[in-house]
Amino acid sequence: MESLIGLVNKIQRACTVLGDHGGQGMSLWEALPSVAVVGGQSSGKSSVLESIVGRDFLPRGSGIVTRRPLVLQLHKTQSGAEYAEFLHAPKRRFTDFDDYILTSDKNIIYAAAVRKEISDETDRITGKTKQISNIPIHLSIYSPNGLHLYLHLYYILNAIVNLTLIDLPGLTKVAVEGQSDSIVEDIENMVRSYVEKPNCIILAITPANQDIATSDAIKLAREVDPSGERTFGVLTKLDLMDKGTNATEVLEGRAYRLQHPWVGIVNRSQADINKNVDMIVARRKEREYFETSPDYGHLASKMGSEYLAKLLSQHLELVIRQRIPSIISMINKTIDELNAELDHIGRPVAADGGAQLYMILELCRAFDRVFKEHLDGGRPGGDRIYGVFDHQLPAALKKLPFDRHLSLKNVQKVVTEADGYQPHLIAPEQGYRRLIDGSITYFKGPAEASVDAVHFVLKELVRKSIAETEELKRFPSLQNDIATAANEALERFREESRKTVVRLVEMESSYLTVDFFRKLHAAPEKKPEKNGNPPGPNNDHFHDTSLSRIGSNVSAYIAMVSDTLKNTIPKAVVYCQVREAKRSLLTHFYAQVGRKEKERLSAMLDEDPQLMEKRTQIGKRLELYKAARDEIDAVAWK
């Protein structure tokens, strides 16, 4: 049992260090059993808690004293001095519970330093008012094995020193001066948030000199634990009941039955507290009270703080064993979630230069995969390249000014200039060639525009691919380096593609398709009308019919060239830009990275400090959960 309870306390302490204090959904802290002390104001609940701990350390006074939840963790150590430690002041140890405070007027006031720290920390959040706060104070008390806090509680020392107890503000019915009107509801909601959890054991404290039917603690416990499986009823102030009355009906379960037996407690009186009566004497007086009481003598073996501690320990062990399967299931689920989160944000960067180089190359390959998915249709964007070829290029070709270039006036001008001083004899071949060359030159504009359009699509896909590569998000410097290298490569591909498409256009000018004109020559010409006047000798070559036929022939040839280029330009663009982008977008970058020094590699893998801190915290939580699983497996079935 000691190992189980100690293990739970150890895990809870580790949770506390990592900031898991419960109250934030299902967490490891909330999956582990704890004990909450619940009662009305001045019901004696803090005294019960002190009796279990064996130390006088909680603030005292009238009205609302406990104004913040106190999460108290008791740790049994193997050796060393006893000390207390607060989560908000982890480097400060309180080694003497009977420490004193020296006031400004040199007066020595004997008071527990731990008690003063609890009061000061409460005031830090709530101020010196009667308001409350749901922000807990976390206190750990470490006691070495065998330390006799009080002589006759050996069972407590060796069984439940490892324990987590929660002291909650006392329930109240009315707001007093200095408190908000909602204080009653606020306190109840705070207490309820702890005790409604299925792994919380409820110590319902009720004063014996109060009607059990009006007990705030029992009323709340009945609401959150109708079956009573988690509730332990504790009667305090039995020694303060009116003469002739007793609480046997409650203690024997006749007035209000619980699944667990009621336990009566006799705490130190105010006079004992004022006289600084220690816990050893107080426990002895408590035992003597029950053993000599005519009303409770027959129940003496099941009364008192010692029995309550024993009962609580036994139940706590039972609860732990019952919860082990669900705890392990929750731990395994959380481990999977933490591993997935680590995979999502990335594992830590290795310090070795070779490992860093490998990581950079792997990140580049991850980006490359996303980029190719965009091109190949696995992700949107690649279809825009097809749109350039299927819509933009044909539309640009249709808008070329061939009508103006092949107008009768321009045809006459070009043919006349091509003939020079000696007119052509049969057909104006030089005129034809000049008209064709001039027309083909217009194709360079749409060809280069297609190259640029695809270039801009590829640049946008690079940007999107970098943003969508999850592995790269943690390395802003590497993102910039990859973007720069990729865009430089795309510029090289664009330049090569531009040269290629211009060559395609120039090829059409450098060698004309002769068969096209031979077929035109072989076709029968239309004869002039019989009544038409034959042209005069000076304008045979330039009359409208001849010029129109020349323009028509050149237009037909240019249309054939346009159809050819409409098919070949996309091939060239894809070959020079898209294909190369898929094959060797980062080839130059890989070569450069391989020659970089380790310091430069480290700079490329710099991360956001917040992300690094998040990974560290996830790693610590992961180690905690793994250690908890291993330790639970080791002790659960002993």
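- Qualifying salt bridge (charged side-chain N to carboxylate O under 4.0 Å, His left out) partners for Arg92, counting only residues two or more places apart in sequence or in other chains: Glu117.
- Note that the OG1 atom of Thr616 and the CG atom of Leu611 stand 9.5 Å from one another [nearest 0.5 Å].
- A donor-acceptor contact closer than 3.5 angstrom is absent between the side chains of Arg404 and Asn410.
- Separating the OG atom in Ser439 from the CG atom in Leu400 is a distance of 9.5 Å, to the nearest 0.5 Å.
- Distance alone, capped at 3.5 Å, places no donor-acceptor pair between the Asp390 side chain and the Tyr386 backbone.
- We find that Glu623 and Lys620 are not joined by a salt bridge, their nearest charged nitrogen and carboxylate oxygen being 4.0 Å or further apart.
- Under the 4.5 Å side-chain criterion, counting only non-hydrogen atoms from C-beta, Leu490 is in contact with Leu585.
- The two residues Arg384 and Glu460 make their nearest non-hydrogen contact at NH1-CG, 3.7 Å.
- For the pairing with Glu468, the salt bridge (charged side-chain N to carboxylate O under 4.0 Å, His left out) check across Lys473, Arg379, Arg369 returns one residue only, Arg379.
- Glu496 places none of its side-chain heavy atoms less than 4.5 Å from the side chain of Gln577.
- Shortest non-hydrogen contact noted between Leu472 and Gln479 is O-NE2, 2.8 Å.
- Of all heavy-atom pairs spanning Asp606 and Ala603, the tightest one is OD1-O, 3.1 Å.
- Here Glu506 does not pair with Arg503 in a salt bridge; the nearest charged N to carboxylate O distance is not below 4.0 Å.
- In terms of the ring-ring contact (aromatic ring centres under 6.0 Å, His included) criterion, Phe371 has no residue partners (sequence neighbours excluded).
- Not one N or O on the side chain of Arg433 forms a donor-acceptor pair closer than 3.5 Å with the backbone of Pro428.
- Side-chain contact between Lys333 and Tyr625 is absent, with no heavy-atom pair separated by less than 4.5 Å.
- For the pair Leu586 and Phe367, the minimum side-chain heavy-atom distance is below 4.5 Å.
- Checked by atom type and distance alone, the side chain of Thr469 pairs as donor or acceptor with a backbone atom of Ser465 at under 3.5 Å.
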Applying side-chain hydrogen bond (donor to acceptor under 3.5 Å, both in side chains), run through Gln392 and Ser450 and close with a yes or a no.
-> CA-CA 8 Å; Gln392 184 173 324; Ser450 297; 5.6 Å; no
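- In terms of modelled atom types and a separation under 3.5 Å, the side chain of Lys398 and the main chain of Pro394 share no donor-acceptor contact.
- Judged as a ring-ring contact (aromatic ring centres under 6.0 Å, His included), the pairs with a partner in residues 550-596 (not counting sequence neighbours) are, in order, Phe516-Tyr557, Phe517-Tyr557.
- Between the OH atom of Tyr442 and the OG atom of Ser562 there is a distance of 14.5 Å, given to the nearest 0.5 Å.
- When all heavy atoms of Val411 and Gly551 are compared, the pair lying nearest together is CG2-CA, 4.2 Å.
- Rounded to the nearest 0.5 Å, atoms CG (Leu547) and CG (Leu406) are 11.5 Å apart.
- Taking CD1 of Ile466 as the start and CG of Asn480 as the end, the distance is 8.0 Å to the nearest 0.5 Å.
- Between the side chain of Asp368 and the backbone N or O of Cys364 there is no donor-acceptor pair closer than 3.5 Å.
- Nearest heavy atoms, Thr500 versus Ala572: CG2-CB, 3.7 Å.
- Of the charged side-chain nitrogens involved, none lies within less than 4.0 Å of a carboxylate oxygen, so that Lys444 and Glu448 do not count as a salt-bridged pair.
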Might you work through the side chain to side chain contact (heavy atoms under 4.5 Å, CB included) test for Val454 and Arg494, ending with a clear yes or no?
-> CA-CA 9 Å; Val454 170; Arg494 175 165 69 169; over 6 Å; no
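- For the pair Leu504 and Leu565, the minimum side-chain heavy-atom distance is below 4.5 Å.
- Between the side chain of Asp403 and the backbone N or O of Pro401, no donor-acceptor pair lies under 3.5 Å.
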Could you check Leu70 against Ile166 for side chain to side chain contact (heavy atoms under 4.5 Å, CB included), going step by step and ending with a plain yes or no?
-> CA-CA 6 Å; Leu70 175 67; Ile166 304 173; over 6 Å; no
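- A donor-acceptor contact shorter than 3.5 Å is absent between the side chain of Arg68 and the backbone of Ser133.
- His138 has its side chain out of reach of Leu72: every pair of non-hydrogen atoms, C-beta onward, lies at least 4.5 Å apart.
- Between Asp481 and Arg600 there is a salt bridge, since at least one side-chain N of the basic residue sits less than 4.0 Å from a carboxylate O of the acidic one.
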Could you give me the CA-CA distance, side-chain angles and deciding distance for Ile558 and Phe443, then say whether side chain to side chain contact (heavy atoms under 4.5 Å, CB included) is met?
-> CA-CA 10 Å; Ile558 293 303; Phe443 287 116; 3.8 Å; yes
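- Contact check on Arg492 versus Glu495 returns no salt bridge, with no Lys/Arg side-chain nitrogen under 4.0 Å from an Asp/Glu carboxylate oxygen.
- No side-chain donor-acceptor contact under 3.5 Å links Ser497 to the backbone of Phe493.
- In this structure, the side chain to side chain donor-acceptor pair (under 3.5 Å) partners of Glu613, at least two apart in sequence or on a different chain, are Gln617.
- No donor-acceptor distance shorter than 3.5 angstrom exists from the side chain of Arg579 to the backbone of Val574, with no hydrogens or angles considered.
- By the 4.5 Å heavy-atom criterion applied to side chains, Ile385 and Leu458 are counted as neighbours.
- Using modelled atom types and a 3.5 Å distance limit, the side chains of Gln356 and Ser602 yield a donor-acceptor pair.
- The side chain to side chain donor-acceptor pair (under 3.5 Å) test applied to Thr441 returns no partner, not counting sequence neighbours.
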Side chain to side chain contact (heavy atoms under 4.5 Å, CB included) between Val71 and Leu139, worked out | CA-CA 6 Å; Val71 179; Leu139 170 63; over 6 Å; no
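- Looking only at distances, no side-chain donor or acceptor of Ser552 sits under 3.5 Å from a matching main-chain atom of Ser548.
- The minimum heavy-atom distance between Glu85 and Ala89, with the atom names listed, is CG-O, 4.3 Å.
- The salt bridge (charged side-chain N to carboxylate O under 4.0 Å, His left out) search around Arg595 returns none, not counting sequence neighbours.
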For Thr416 and Gln412, what are the C-alpha separation, side-chain angles and deciding distance, and is it a side-chain hydrogen bond (donor to acceptor under 3.5 Å, both in side chains)?
-> CA-CA 6 Å; Thr416 300; Gln412 180 180 358; 5.1 Å; no
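- Put simply, the side chain of Ser34 does not reach to within 4.5 Å of the side chain of Ile201, judged on heavy atoms.
- Note: Leu605 CG to Leu363 CG = 7.0 Å, rounded to the nearest 0.5 Å.
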